[in-house]
2 protein chains.
Amino acid sequence: MVAKAALDELEKILREAGVRITRPRRIILRILSEYDDHPDARAIFRRAVRVDESISLSTVYRTMNLLEDKGAIHRHSFQGGPSRFEHAPQNHHDHLIDVDTGNVIEFASDRIEKLQEEIARDLGYEIVHHRLELYGRKIKTGKGAKGR
Amino acid sequence: MVAKAALDELEKILREAGVRITRPRRIILRILSEYDDHPDARAIFRRAVRVDESISLSTVYRTMNLLEDKGAIHRHSFQGGPSRFEHAPQNHHDHLIDVDTGNVIEFASDRIEKLQEEIARDLGYEIVHHRLELYGRKIKTGKGAKGR
DNA sequence: GTGCAAATGCAAATCGTTAGCAACAAGCAT
DNA sequence: ATGCTTGTTGCTAACGATTTGCATTTGCAC
Ligand SMILES: [Mn+2]
Ligand SMILES: [Mn+2]
Ligand SMILES: [Zn+2]
Ligand SMILES: [Zn+2]
């Protein structure tokens, strides 16, 4: 189970932050570590409720804020929709969002990252963080009606 | 007045879109063409009210949607805050936001734009639009207490 | 001018998210 | 195990940004 390690890591972060490991938190951490996508608060909530009927959406939001605060997760605010989260990845990456399906594809480019820093430096700034999102449409490949 | 040309251009866009040139719209267009910054709806509203007491915030929002729709303005959703707008620039650019002051600095990089398209293409996508925002802090320059 | 569809102002509604608060439960001390 | 203290919870109300419904006004083509 690749998720087990991720879960342990998340719990460790909370434990070291000196906050209590409660039942709702445990459930949310598990969900987060199993998700491979970029769920929003409601999606996490829906899955949590299936485990514990009594969990509240407020707690999901509070827990996401807590985890973001501790650097355990990242929050993304893609075009329009609500905040979406992902377990903080070991290596930085940016996102390409399929405008037709909503699919999120991850990518990383050292060259772009370097250029960004260069640009900021030229302007007299150092980057604290950045946001790079590509919104695109699948290219129709001549052969076969591959385009949905 | 550099703004006059901008105003005429905005009015022309509306006229050609076949919508009525109303009093509130004229006021908002003028404000938009004079702004050099990236105002949000309330900021535009505040200035509009000074010209015509009876203008409503709803109309500002509706007008911004209309103009965005016609491609006359661009909407930006920077970190946290409300949508901010700018008269659609002739040449594309991205933004660097000063995390301390909130200042917005514009920049353009052909190399980054090219790399983005390359990346998308490699993933089988063509870019519809993108969002690149750098959030940074002014670099303290050894001499003089320039960094505030 | 007249008529009518389009646009307005106002208020109420929506959406994602946060805040207030009484009841509850982690986790350390007995 | 049993308390005790205090952080957490679930609930509901509040929030800020934006949209909507609707009766009233207004552009503007005739
Ligand atoms: Mn990701
Ligand atoms: Mn700009
Ligand atoms: Zn990046
Ligand atoms: Zn760009």
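Proteins come first, then strands; the chains are lettered A, B, ... in the order of their sequence lines, and each starts at number 1.
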Taking only the side-chain nitrogens and oxygens of B:Ser56, find out if one of them lies under 4.0 Å from OP1 or OP2 of C:dT8. no

Quick one: do the B:Glu86 and B:His74 side chains pair a donor with an acceptor below 3.5 Å? no

Take atom [atom1] of [X] and atom [atom2] of [N], then tell me their distance rounded to the nearest Å.
X       : N      : atom1 : atom2 : result
B:Leu67 : D:dT18 : CG    : P     : 15 Å
B:Met64 : D:dT19 : CE    : C1'   : 16 Å
A:Leu14 : C:dA26 : CG    : P     : 15 Å
B:Phe45 : C:dG9  : CZ    : C1'   : 10 Å
B:Ile55 : D:dT26 : CD1   : P     : 13 Å
B:Leu66 : D:dT18 : CG    : C1'   : 16 Å
A:Ile27 : D:dT9  : CD1   : P     : 11 Å

Across nucleotides 16-23 of chain C, 5' to 3', mark each nucleotide with B, S or - according to how protein heavy atoms within less than 4.0 Å reach it. SBBBB---

Using a strict threshold of under 4.0 Å (side-chain N to carboxylate O), is an ion pair present between B:Lys70 and B:Glu16? no

Angle between the end axes of the helix from C:dG1-D:dC30 to C:dT30-D:dA1, five pairs per end, to the nearest 10 degrees? 20°

Could I get the full list of side-chain hydrogen bond (donor to acceptor under 3.5 Å, both in side chains) partners for [X], not counting sequence neighbours?
X        : answer
A:His87  : A:Glu9
A:Glu126 : none
A:Arg42  : none
B:Arg137 : B:Asp100

Which residues share a side-chain contact (heavy atoms from CB on, under 4.5 Å) with B:Tyr135, sequence neighbours left out: A:His129, A:Arg131, B:Phe78, B:Gln79, B:Ile97, B:Val99, B:Glu133

For B:Arg26, what residues pass the side-chain contact (heavy atoms from CB on, under 4.5 Å) criterion, not counting sequence neighbours? B:Glu11, B:Ile21

So which protein nitrogen or oxygen atoms get under 3.5 Å of nucleotides 27-30 of chain D's nitrogens or oxygens?
residue : atom : partner : partner atom : Å
D:dG27  : N2   : B:Arg20 : NH2          : 2.9
D:dG27  : N3   : B:Arg20 : NH1          : 3.4
D:dC28  : OP1  : B:Ile21 : N            : 3.1

Kindly write out the residues that satisfy ring-ring contact (aromatic ring centres under 6.0 Å, His included) with A:Tyr35, not counting sequence neighbours, or none if the list is empty. none

Those residues that, when tested against A:His130, pass ring-ring contact (aromatic ring centres under 6.0 Å, His included) (two or more places apart): A:His92

Listing, residues 59-66 of chain A side-chain donor-acceptor contacts under 3.5 Å, not counting sequence neighbours, or none:
residue : atom : partner : partner atom : Å
A:Thr59 : OG1  : A:Ser56 : OG           : 3.3
A:Thr63 : OG1  : A:Thr59 : O            : 2.7
A:Asn65 : OD1  : A:Arg75 : NH2          : 2.7

